[in-house]
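Below: one structure, written as structure tokens.
Side chains included, hydrogens not; waters and symmetry mates left out as well; all remaining heavy atoms used.
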Amino acid sequence: MTNVWSADSGMEVEDVWDDTDLIRMYEQSIQEVHQQVSGVKEKKYTGEDGKTYLWKVGGNCMAPFEENGETSYYAATIDSIGGKDEHEVQVTFLYYGNQTTAHMKDLWVNEEAIAEAMAPPIPPNILAMAPADKHEALSSMLMSWYMSGYHTGYYQAMSDLEEQGESSDD
């Protein structure tokens with residue numbers, strides 16, 4: 001069911017942002033994933049290097065993340081073990097919160113990198129983020145002024161449309 005909003009559709013703005021169906025589909029897909037997981041809490045895996053690794057749900061690992069065709073490894077927590085031959089793991093990357101599914105052969109342990117990833121991040125230096133010169137400061141100010149005006153105008157247009165709808169109902 002697709003709802004397209006227009007001024008003539010008679011839909012309220014609140015109806016456009018009703019994400020009840022989206023939330024229901026998300027919860028259903030999460031339930032399906034949990035049903036597919038075999039309930040395995042730990043699994044031994046012998047890697048290509050001949051070492052035997054014990055991967056546990058809740059354990060930490062270095063997992064691959066692919067972006068723009070490049071693969072990098074980041075510290076992650078194992079959420080579930082399942083898939084074909086129970087060699088697939090669902091992981092959540094520490095600090096990023098995004099998830100991916102990886103094969104156990106692609107996981108590895110680097111205690112130092114995991115410990116570093118679990119340490120709180122260094123707060124950004126606010127002064128270092130300040131504009132470098134007067135010209136850049138002026139550009140930043142004008143851009144924020146423009147964006148503020150844009151959003152103010154958008155809000156005003158939505159309010160005007162709402163008032164027109166109420167006056168035509170009288």
**Asked** Which one of T77, D79, T100 satisfies the side-chain hydrogen bond (donor to acceptor under 3.5 Å, both in side chains) criterion with T92?
**Response** D79
**Asked** Taking C-beta and beyond as the side chain, do K41 and K56 meet within less than 4.5 Å on heavy atoms?
**Response** no
**Message:** Would E48 and K105 count as a side-chain contact (heavy atoms from CB on, under 4.5 Å) here? Give the steps.
**Reply:** CA-CA 7 Å; E48 295 171 359; K105 70 178 179 181; 4.3 Å; yes
**Request:** Using the side-chain hydrogen bond (donor to acceptor under 3.5 Å, both in side chains) rule, take D160 and Q164 through it: C-alpha gap first, then chi angles, then the decisive distance, then the call.
**Result:** CA-CA 6 Å; D160 291 348; Q164 288 176 358; over 6 Å; no
**Request:** Without swapping roles, check the side chain of N68 against the backbone of E70 for a donor-acceptor pair under 3.5 Å.
**Result:** no
**Message:** Quick check against the 3.5 Å criterion: does S148 have a side-chain atom that pairs as donor or acceptor with the backbone of S144?
**Reply:** no
**Complete:** For W55 and V109 the tightest heavy-atom approach is CH2-CG2, 3.6 Å
**Message:** Between T101 and E88, does the side-chain hydrogen bond (donor to acceptor under 3.5 Å, both in side chains) criterion hold? Intermediate values first, please.
**Reply:** CA-CA 7 Å; T101 301; E88 290 182 1; 5.8 Å; no
**Message:** What I'd like to find out is whether the side chain of H103 reaches to under 4.5 Å of the side chain of Y45, using heavy atoms alone.
**Reply:** yes
**Asked** Can you name the closest pair of heavy atoms from V91 and A76 and give their distance?
**Response** CB-CB, 3.9 Å
**Prompt:** What's the spacing between M104 CE and C61 SG if we round to 0.5 Å?
**Reply:** 10.0 Å
**Item:** CG on D106 to OG1 on T71, rounded to 0.5 Å
**Value:** 8.5 Å
**Request:** Identify the two heavy atoms, one from K44 and one from L54, that lie closest to each other, and give their separation to 0.1 Å.
**Result:** CG-CD1, 3.7 Å
**Request:** To the nearest 0.5 Å, tell me how far Y154 OH sits from T152 OG1.
**Result:** 13.5 Å
**Asked** How long is the gap from NZ on K43 to CD1 on I78, to the nearest 0.5 Å?
**Response** 13.0 Å
**Asked** Measuring from N110:CG to W108:CH2, what's the distance to the nearest 0.5 Å?
**Response** 4.5 Å
**Aromatic ring proximity, centroids under 6.0 angstrom, F65 and Y73** = no
**Message:** Let me confirm one number: the CD-NE2 distance from Q156 to H151, rounded to the nearest 0.5 Å.
**Reply:** 15.0 Å
